[in-house]
Amino acid sequence: PVTEPEHDEL
Amino acid sequence: MNIFRLCGDLSHLLAILLLLVKIWKTRSCAGISGKSQILFAIVYTTRYLDLFTSFVSIYNSVMKIVFLSASYGTLYLMFYKFKPTYDHNHDSFRILYLIVPALVLSFVIVHAYTLMEVLWTYSIYLEAVAIMPQLFMVSRTGEAETITSHYLFALGSYRALYILNWIYRYYTEDFLDLIVIIAGIVQTILYCDFFYLYITKVLKGKRLSLP
């Protein structure tokens, strides 16, 4: 599966 | 969360609310680029779709909802409620020249090929250039109202503060997201000319007018 980065900023 | 990001977010929030209140109080959107506002609405919509798929913090979710609502509220005021005051003759930047290349780039340089990730990347690229119609409008009319200048300064400062936040995060958390960092630097560079005029004119009590 493709892993997406987690975006924790706005 | 660090002090740079918090200040950046607050600056961003201030900019958006300042614009909304200015239009509401003066019952006019003269001097504001509707095209930039459309681009910002696309930016927030494509980036904050993740409200439905991932949760980071109450703070993030609330800010996302505020940005989205304020952005669509601004569009409503500009294109519906105070439409007669919208200066479309001077708002002549072709936004397809920004929308299409940003879309192409988001398929070429992206962290992962998933719908949400491509949309997030697109929002980052489009945000970097979304202010161009507004800056073009200021250059065409040769001036900007003081409150519009404050809006632009707050909006430009937000990404500049985020750059400090990324430097801080690189050293403290090993955080390095080149897509957002490079786009953020481009975004900030676009404001440099304006920052210069703001500091040399508006802060000294003068109206922002171009020679």
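Owing to the predicted nature of the structure, the values given are computational and were not obtained by experimental measurement. Letters A, B, ... are given to chains in the order of the sequence lines, protein chains preceding strands, and every chain is numbered from 1. Just the heavy atoms: all of them, side chains too, but no hydrogens, waters or symmetry mates, feed the values below.
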Review point. When rounded to the nearest 0.5 angstrom, what distance separates CG in A:L10 from NZ in B:K64?
Key: 6.5 Å

Check your understanding: Can you tell which of B:V180, B:N165, B:T114 has the highest number of heavy-atom pairs within less than 4.5 Å of chain A?
Key -> B:T114

Check your understanding: Do you know which of B:W166, B:Y113, B:Y44 has the most heavy-atom pairs with chain A at a distance under 4.5 angstrom?
Key -> B:W166

Revision key, fill the gap. Note: vs chain A, highest number of non-hydrogen pairs under 4.5 angstrom among B:R5, B:M63, B:H111 is B:R5

Practice item. Give, for atom OG1 of B:T53 and atom CD of A:E4, the distance between the pair rounded to the nearest 0.5 Å. Key: 7.5 Å

Review point. OH of B:Y97: more than 12 outside heavy atoms within 6.0 angstrom?
Key: no

Point to revise | Atom CZ of B:F55: over 12 foreign heavy atoms under 6.0 Å | key: yes

Exercise for review: Take atom CZ of B:R94 as the centre, draw a 6.0 Å sphere, and report whether it contains more than 12 heavy atoms from other residues, nucleotides or ligands.
Suggested key: no

Check your understanding: How long is the gap from CD on A:E6 to CG on B:D177, to the nearest 0.5 Å?
Key -> 12.5 Å

Review point. Just wondering, are more than 12 heavy atoms of other shown residues or ligands nearer than 6.0 Å to CG in B:D193?
Key: no

Check your understanding: Under the 3.5 angstrom rule, does the side chain of B:N60 hit a backbone N or O of A:D8 as a donor-acceptor pair?
Key -> yes

Check your understanding: Does a sphere of radius 6.0 Å around CG in B:L176 hold more than 12 heavy atoms from other residues, nucleotides or ligands, not counting ones at 6.0 Å or beyond?
Key -> yes

**Study point:** Residues, nucleotides or ligands: over 12 heavy atoms within 6.0 Å of B:F175 CZ
**Key:** yes

Practice item. Indicate yes or no: does A:E9 engage B:R169 in a salt bridge with an N to O separation below 4.0 Å. Key: yes

Review point. Just how far is it from atom CZ of B:R47 to atom NE2 of A:H7, taken to the nearest 0.5 Å?
Key: 9.5 Å

